[in-house]
Amino acid sequence: MPDKKTASFMRSLCLGEIEEEIILPFPEPTAQERETLAAIAATLKAMLGPREKDFRAWDVAGEFPPSFIGELKDAGLFGLVVPEGHGGLGLGTAAYSRVVQELARYDGSVAVTVGAHSSIGMRGLLLFGTDEQRARFLPRLATGELVAAFCLTEPGAGSDAAGIRTTAVRDGDDWILNGEKLWITNGGFAEFFTVFAKTSLEGRGHITAFIVTRDLKGVSSGPHEDKMGIRASSTTTVTFEDVRVPATNVLGEVGKGFKVAMKILNAGRTGLGGGSVGGMKRLIEFASRHARERSQFGRPIASFETIRQKLGQMALDCYAAESVVNLVAGLVDRGYEELAVESAISKVLASEALWRTADEALQIAGGAGYMRELPYERALRDSRINRIFEGTNEILRLFIALAAVNDVVDELKDLPHSMKGVLADPVKGFGLLSDYAKRRASLAAGLPREKGRFTLVAGPLAEEAKAFEQQARELALAADRLLRRHGKKVVEAQLACRALADAMIDLFALAAILSRVSTRVEDHGEAAAAPDRAMLTAFTAQARRRIRRALASVDAPDEGGTLALGDRVLETARYAWE
Ligand SMILES: Cc1cc2nc3c(=O)[nH]c(=O)nc-3n(C[C@H](O)[C@H](O)[C@H](O)COP(=O)(O)OP(=O)(O)OC[C@H]3O[C@@H](n4cnc5c(N)ncnc54)[C@H](O)[C@@H]3O)c2cc1C
């Protein structure tokens, strides 16, 4: 069995190894979890179902009334992930992600408000808090007496989170905190902040995470931002002016705050993914209803191929996102710890699938979709943020690709100086490398690889499994070429990395769907699994084309020379072809 502390399906896949025990069987909720989720879904339906008009009004107003936040608290929605012992519902990652999915069926701002509290606002306390800190804060976080917010971004530090300028200077038993955080979700009314500050004034880094509560003198928030979407959710600056934070509020180790931030964001991504899936399901319902009811040219527009295909694609996108999000969340619940690549993939895939779905749903609704009276335009605006926050999709793609080649870089760190030229001349130096290189070399030589095969996939899916194995091998070879071509400079080869990431995203989705369908075949038989099988067939066909193209781009990423065109734009700061 794979080591749950270190095993990563995708990192192994980039070495041509299929660690099928990680993803098979597909994680499904237990009967008891299903029951709890059905009860929560029914409560949410009764509570949020009749509020569509309110959601529209609050979107225009740009905020929720405090009474509505009170209703969310009363419904227990701020205690979803707090352990039962501390007064919460104690939901696991998969169950929590499914609840966010349900919330997003009604309103994006509600999902973001609850998500910012549970997914990132208090996640640091759950992951790194001491027993004393957990006992002090979790019961009040569970009831919503304290709503939580996550404070990392600053005016000068967005994607480059290590560049933050907020400082914390030790003074006796306290730390004195100074700085301003930007675009903080729940910032207007949160009482509990997970704040990241520099605890050494030298250079970048040396960041520490702190728990800061609003009752501490010097904490204040700015006005609500006037946003494009998720308008009713609170987004504000949060300012810390000589705030005296007790040393007992340090989260994790002093100086290890960057790791804390990254772990929180990794863990939070299944919440965002769940929200994206819920948003898609709602849009599919709206769009299919509209397509059936709207007639043009004497027949329902649902009878036209173009519309039918759009709806099919939306469903396929949703199925892929749901498979990936549920797989990652299930792996967290099974105790796997090394899921940074997989959770980044789930965020990118789900947020982009939601964006396409929102766009196509609006298109199916035509001019009516553009009117504020119907939910499409709000859904489109609300969905856009998912590609930006919790790590932009560009940065996450780079991360996904670089993580794939990270192992070899790690190994190089320990090599004697004389061998460090290996990356500069990888072909010559390859033989000198360790086990890692040998595994790559055997891959390149086309040697049969014991670990490059599926053995646990249900028999009837043998063809699909074989196709996956072939593509996995091509992925590993492309990762190898990427490294050989760029050596240490691979970090700068952004377009090639992005192409590798695109292939990895599709392959992980394919693996998740294969696992889901295989488990369905095993548990319910081929006939019952036929609708799922149709999804696998469709995704396999589409992904094959995309993967082939992406892997070709790893070798020639700047198709047609758009980089130079971009340089020309930057040089002139305008469209220079008039
Ligand atoms: C509504 C909303 C809510 C938010 N909530 C929170 C919150 O609760 N807590 C919090 O801490 N933050 C929050 N944020 C901030 C959010 O996480 C950041 O906006 C995000 O991390 C991106 O940072 P940035 O906006 O500064 O963009 P930048 O980092 O300036 O990026 C601009 C563009 O450049 C690209 N880019 C940047 N660096 C590179 C690179 N090295 N290579 C290639 N491309 C690059 C990016 O992908 C992006 O397209 C929120 C933001 C919004 C809009």
Side-chain angles (χ1 to χ4, degrees), residues 59 62-63 108-124 147-166 179-190 192-197 204 207 209-210 212 221-240 257-258 260-262 264-266 268-269 271-272 275 344 347-348 351-352 355 381-402 489-499 501 557 563 566 570:
D59 170 67
E63 61 184 331
S109 289
V110 176
V112 165
T113 302
V114 171
H117 170 82
S118 299
S119 296
I120 53 176
M122 66 156 111
R123 183 67 60 177
V147 171
F150 175 83
C151 301
L152 179 61
T153 305
E154 297 182 3
S159 300
D160 182 14
I164 59 170
R165 294 235 168 121
T166 293
E180 186 186 43
K181 298 292 178 176
L182 188 66
W183 302 327
I184 303 307
T185 305
N186 293 345
F189 60 92
F192 176 102
F193 304 92
T194 301
V195 184
F196 298 87
R204 287 159 58 84
I207 289 167
F210 294 91
V212 181
S221 20
H224 280 223
E225 299 286 352
D226 188 6
K227 308 188 290 284
M228 169 186 179
I230 52 163
R231 287 176 50 78
S233 70
S234 159
T235 312
T236 70
T237 53
V238 179
T239 306
F240 307 97
F258 192 72
V260 173
M262 293 308 118
I264 293 173
L265 289 170
N266 280 340
R269 289 190 180 119
L272 190 152
K347 192 270 189 182
V348 172
S351 62
E352 292 178 4
W355 175 248
R381 286 188 284 109
D382 285 353
S383 62
R384 187 61 182 83
I385 187 59
N386 292 299
R387 290 167 52 200
I388 298 172
F389 63 12
E390 294 193 29
T392 68
N393 287 12
E394 289 81 6
I395 295 290
L396 289 179
R397 276 192 166 82
L398 293 177
F399 168 75
I400 289 163
L402 290 173
K489 296 206 171 112
V490 66
V491 179
E492 295 297 323
Q494 290 199 343
L495 300 186
C497 284
R498 184 181 68 189
L563 267 182
L570 285 167

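When a ligand or atom number is given, it counts from 1 through the structure's own listing order.
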Check your understanding: Between Leu272 and Ser119, is a side chain to side chain contact (heavy atoms under 4.5 Å, CB included) present by the stated rule, with each step listed?
Key -> CA-CA 8 Å; Leu272 190 152; Ser119 296; over 6 Å; no
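- Taking any N or O of Leu152, backbone or side chain, at least one lies under 3.5 Å from an N or O belonging to ligand 1.
- For the atom pair Thr239 OG1 and Leu182 CG, the distance stands at 10.0 Å (nearest 0.5 Å).
- Put simply, atom 29 (O) of ligand 1 has protein non-hydrogen atoms near it, under 4.0 Å away.
- The shortest N/O to N/O separation between Thr153 and ligand 1 falls below 3.5 Å.
- Of the protein's heavy atoms, Ser159 OG, 3.7 Å lies nearest to atom 37 (C) of ligand 1.
- Distance screen at 4.0 Å: atom 11 (O) of ligand 1 has a protein heavy-atom neighbour inside the cut-off.
- Proximity of the aromatic rings of Phe196 and Phe150 is defined here by a centroid distance below 6.0 angstrom, and this criterion is met.
- Distances below 4.0 Å separate heavy atoms of Gln494 from the following atoms of ligand 1: 40 (C), 41 (N), 42 (N), 43 (C).
- The nearest non-hydrogen atom to atom 47 (O) of ligand 1, considering only Val491, Asp160, Thr392, comes from Thr392.
- If you check which protein heavy atom lies closest to atom 24 (P) of ligand 1, you get Gly158 CA, 3.9 Å.
- Scanning the protein for heavy atoms near atom 20 (C) of ligand 1, the closest one is Ile388 O, 3.7 Å.
- In this structure, of Trp183, Phe196, Phe193, Phe150, the residue bringing a heavy atom nearest to atom 50 (C) of ligand 1 is Trp183.
- Interface atoms of ligand 1 facing Lys227, defined by a heavy-atom separation under 4.0 Å, are 1 (C).
- Heavy atoms of Glu225 found under 4.0 angstrom from ligand 1: none, in either backbone or side chain.
- Contact detail for Phe192 and Gly121: the closest heavy-atom pair is CE2-O, 3.6 Å.
- Protein heavy atom closest to atom 3 (C) of ligand 1, with residue, atom name and distance, is Thr185 OG1, 3.4 Å.
- In terms of protein heavy-atom proximity, atom 49 (O) of ligand 1 is nearest to Glu394 OE1, 3.7 Å.
- For atom 15 (C) of ligand 1, a protein non-hydrogen atom is found at a distance below 4.0 Å.
- In terms of modelled atom types and a separation under 3.5 Å, the side chain of Glu154 and the main chain of Thr166 share a donor-acceptor contact.
- The nearest heavy-atom contact from the protein to atom 40 (C) of ligand 1 is Ile395 CD1, 3.7 Å.
- A side chain to side chain donor-acceptor pair (under 3.5 Å) check over residues 221-230, counting only residues at least two apart or in different chains, returns the pairs Arg214-Ser221, Asp226-Arg231, Lys227-Thr235.
- A salt bridge links Glu352 to Arg397: one of the charged nitrogens lies within less than 4.0 Å of a carboxylate oxygen.
- Under the 3.5 Å distance criterion, the side-chain polar atoms of Arg269 are left unmatched by any main-chain donor or acceptor of Ala344.
- Smallest separation of non-hydrogen atoms from Cys497 and Leu402: SG-CD2, 3.9 Å.
- At the top of the distance list for atom 52 (C) of ligand 1, counting protein heavy atoms only, stands Ile385 CD1, 3.7 Å.
- For the residue pair Ile264 and Gly124, the shortest heavy atom distance occurs at CD1-CA, 3.5 Å.
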Check your understanding: Asn393 and Lys347: side-chain hydrogen bond (donor to acceptor under 3.5 Å, both in side chains), yes or no, with the steps?
Key -> CA-CA 8 Å; Asn393 287 12; Lys347 192 270 189 182; 2.8 Å; yes
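- Of all the heavy atoms in Gly188 and Thr236, the pair that sits closest is N-OG1, 3.5 Å.
- When distances from atom 32 (C) of ligand 1 to the protein are checked, no heavy atom turns up under 4.0 Å.
- Backbone and side-chain nitrogen or oxygen atoms of Thr235 are examined, and none is located within less than 3.5 angstrom of a nitrogen or oxygen of ligand 1.
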